[in-house]
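First the structure, in the form of structure tokens, and then the observations on it.
For clarity, every value in this text was computed on a predicted model and none was experimentally measured. Indexing begins at 1, ligand by ligand and atom by atom, following the structure's order.
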Amino acid sequence: MMSEIPKAYEPGKVERKWYNFWLEQGYFTPKIDLNKKPFVIIMPPPNVTGELHLGHALTTTLEDIMTRWHRMIGEPTLWLPGTDHAGIATQVVVEQELAKQGLTKANLGREGFLKVTWEWVKRSREAINQQHQMLGASCDWTRERFTLDAGPSRAVRTAFVRLYDKGLIYRGERIINWCPRCQTALSDLEVEHKNITGSLYYIRYLLVDEGGFVTVATTRPETFFGDTAVAVNPQDQRYKNLAGKQVILPIVDRKIPIIADEAVDPSFGTGALKITPAHDPADFEVAERHNLPLLDVMNPDATMNENTGPYQGLERFACRDKVVADLSDRGLLEKIEPYLHSVGHCNRCQTMIEPRVSLQWFIRTQPLAEAAIKAVREDRITIIPDRFTKVYFDWMEDIKDWCISRQLWWGHRIPVWYCQACGELTASIDGPAACIHCGSKQIVQDPDVLDTWFSSALWTHSTLGWPDDTDDLGYFYPTSVMETGYDILFFWVARMIMMGLEDTDEIPFHTVYLHGLIRDENGEKMSKLRGNVINPLEAINEYGVDALRFALTTGSSPGSDINLGKGKLESSRNFGNKIWNASRFILQSLDAEAMSLRGAKRRSKLRMEDRWIDSQLNRLINNVTQLMGDLQFGEAAQQIYDFIWSKFCDWYIEIAKIRLRKPHPAPSIDGEGLGEASPLPFLVNTLEKSLRLLHPFMPFITEELWQSLKMRLLRSARNDNMRMPDSIMIAPYPTPERSEGSLAIDPEAERVMDSVIEIIRSIRNARAQHKVRADKWVEAYVYADELLPNLIPQREIIEKLARVQPLAILSRRESKPDKGKALILVLKETEVVLPWAGMVDRLAEKQRLTKESEITQARIAQLDARLRDNAFLTKAPPPIIEKEKQKLDMLKDKLRRLHQEL
Ligand SMILES: [Zn+2]
Ligand SMILES: [Zn+2]
């Protein structure tokens with residue numbers, strides 16, 4: 001006896017079992033086969049700080065779909081997993097943990113802090129890997145990497161030293177984004193800009209040696225201590241004769257020049273700008289052009305420093321208040337206006353950025369960018385969707401040098417040593433014993449670490465063993481697809497292209513696949529504030545992994561945002577249940593018949609519906625194969641869904657049930673009995689192939705069902721030497737059948753069955769519309785011409801599925817029945833006549849319609865009143881009002897149709 005198939009699919013009982021099986025069998029680890037081209041994805045390493053969110057679930061699902069599909073089409077497939085040490089993000093989190101115990105990183109010291117961080121990271125990495133396994137990720141855990149592993153770390157030092165030796169890395173004093181809380185430099189990409197209503201302060205600077213003043217407007221009066229000039233536009237008539245003169249800074253009584261510079265916008269404020277080069281990037285550029293000195297007025301924690309006289313030690317915003325009050329006392333504050341402007345914030349801790357001049361390490365990105373632009377322009381790398389190609393070019397063509405040093409402890413330490421004897425520096429991959437310039441052993445390593453994105457930029461080759469010439473690097477590099485969110489195109493993808501080309505002289509990947517963001521079912525951004533966040537772990541608990549994966553995939557397309565709500569998760573779960581129930585029916589039928597399926601298709605005369613399902617399946621396989629190749633996974637999933645749900649379950653299986661219910665002799669070895677031929681060979685074939693088609697999307701339920709099916713097939717074929725792979729995930733993906741070079745399609749069967757389905761559907765609709773009881777049989781006439789001989793054999797199907805009897809299938813030449821009023825349905829190739837009298841009790845029908853129109857009328861009145869209510873109109877959000885209006889329109893339309901029927 002075969003084990004019973006449970007009534008309902010219980011994902012929790014199935015998922016871990018199969019994941020462990022796959023893992024134990026080693027299916028995730030590819031075999032290097034030099035005769036085959038491999039398919040390779042390097043997983044975008046999630047931050048070790050990360051809790052699993054829907055974005056991870058999406059990335060994991062898409063990459064797993066690609067990986068499983070390529071594995072099933074026979075390519076050696078590597079999906080290499082890993083995690084990112086996430087420098088600043090991790091350090092912030094660990095510092096917060098320490099703060100709860102009343103500790104700071106200074107208490108622990110560098111080594112102690114790193115030890116604590118490593119422990120924290122180890123736990124976090126394990127949790128992340130567990131979550132990936134939960135999602136079904138078929139990645140090769142034997143090759144898992146962490147950005148701080150020995151290998152990737154050596155890659156980082158090697159890349160640094162090589163760029164340094166080529167003059168592409170330099171150390172210099174530049175204005176950078178400084179986070180006073182994290183106390184580190186940040187790259188432009190790590191700064192979040194927010195619109196803030198601040199104030200614009202108009203301050204008078206007195207002219208030296210003559211009466212009068214110049215008024216400057218500024219949002220940051222506390223920085224005036226660092227002013228080294230006032231600038232005006234040379235075309236500005238108001239200040240025509242001022243350039244070259246001097247003003248005196250209030251309070252500190254320092255003289256500074258007035259200069260003329262084209263960059264000054266005459267329409268901002270008064271048209272005269274204070275120039276504070278040490279605290280403003282635009283002013284920094286002006287200062288470079290005019291050789292103005294830099295004057296830093298703040299400490300690293302954004303308190304005022306010794307250059308601010310009596311204000312020294314004040315926090316920057318407290319200082320602002322005091323400066324404004326003091327200027328006002330002196331009659332030098334002209335006015336204050338509210339001012340909306342964009343202000344940079346640290347994207348890790350949300351502290352307001354302080355632009356600061358400081359000594360940092362930079363990569364000269366322009367030469368790297370040129371090669372990276374060329375690779376995309378020459379189509380060696382394709383970006384999907386294509387619209388991001390322009391975005392990429394725009395950014396790369398205007399690229400700024402990349403500040404790569406961070407004043408943090410957690411990360412790759414900069415491989416540079418300073419000599420205390422001669423003052424020179426030594427860059428070294430493995431750590432120098434002495435200064436390479438003077439031989440002194442008095443050397444100290446740079447205390448700073450590298451930007452996290454530096455190691456991420458090497459991720460495609462550092463994970464495969466670079467700088468060593470390993471087998472993995474030789475075989476798996478360049479990789480195939482880089483799949484990630486469009487929001488990190490610059491942070492990461494562009495930099496990987498630059499560094500990949502620089503380090504290996506080869507592109508890092510052929511295709512960049514950018515997915516969209518996930519929004520809620522109304523297209524709103526998900527946020528804790530709105531309360532519309534879906535936690536993937538909760539979704540998995542409630543709906544199962546396969547349902548979550550399917551909901552994230554169906555109907556999506558590259559680069560487009562995805563709307564996800566409970567409705568979509570529910571319908572994905574329903575889809576799983578539909579497949580489960582269909583499979584259960586087929587497996588039970590197999591158990592009942594204990595038949596052999598071999599050679600079933602050799603039957604000389606196939607039934608129309610069998611020919612039809614074969615043809616439809618072949619069409620589907622062909623479409624899906626093309627769509628998967630074009631990375632259109634959302635559409636592929638949609639087509640598989642439509643086929644299984646409608647064509648297979650709703651039509652073919654329902655038709656097959658009619659045949660199976662009839663007594664027929666047990667089928668012989670070739671599936672052909674004396675009586676009715678069994679549909680089982682077709683049920684099994686369609687199910688088995690559908691499961692394989694669906695496997696990359698829903699790996700768990702397909703494996704569970706496929707194994708149950710396999711068990712039964714092997715039993716019934718035990719003498720036939722039948723072989724099947726040990727798992728669906730290593731079974732071949734279905735390929736379309738061809739005959740004489742073109743796709744094997746059966747146009748005649750498709751035409752006939754289309755018509756049969758259309759007839760049944762229209763009769764069902766008519767019955768529903770006229771509220772005919774489900775168990776009532778009604779009389780029907782079908783008229784056709786050409787199709788007639790092929791329709792007649794389908795009589796029983798139409799009768800049973802549309803519940804019509806007697807049913808006459810006639811030629812159009814025959815006269816239509818005259819039985820009082822009849823309902824005539826005009827279809828594509830046929831007409832259906834339903835004698836009205838047989839269908840409905842006219843009096844009861846009239847009463848029902850009258851009642852329904854009364855109810856509808858009442859609801860219209862209710863809604864109408866609501867939409868005239870001012871309280872409702874002002875309080876309700878616009879989408880709700882819109883919905884109510886639509887409801888009203890629909891009700892009015894319904895009422896109109898009800899009256900018509902009456
Ligand atoms: Zn910060
Ligand atoms: Zn030296």
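Protein N/O/S atoms nearer than 2.8 Å to the Zn ion (ligand 1) total 4.
Of the angles at the Zn ion (ligand 2), the one spanning SG of C419 and SG of C438 is 100° when given to 10°.
For the 3.5 Å distance criterion, the side chains of E144 and N129 qualify, holding a donor opposite an acceptor. Under 3.5 Å, the side chains of Q360 and S405 contain a donor-acceptor pair of N or O atoms. Side-chain atoms of N535 and H53 form no donor-acceptor pair, as typed in the model, at a separation below 3.5 Å.
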- Task: Determine, step by step, whether E95 and R181 satisfy the side-chain contact (heavy atoms from CB on, under 4.5 Å) criterion, reporting the C-alpha distance in whole Å, the side-chain angles of both residues, the deciding distance to 0.1 Å, and the verdict.
- Result: CA-CA 11 Å; E95 280 182 69; R181 202 227 60 94; 4.1 Å; yes

Item to check | side-chain contact (heavy atoms from CB on, under 4.5 Å) evaluation trace for I251 with D326 | outcome: CA-CA 8 Å; I251 305 174; D326 291 350; 4.2 Å; yes

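Ring geometry, W361 versus F160: the interplanar angle exceeds 60°, so the pair is classed perpendicular (tilted spans 30 to 60°).
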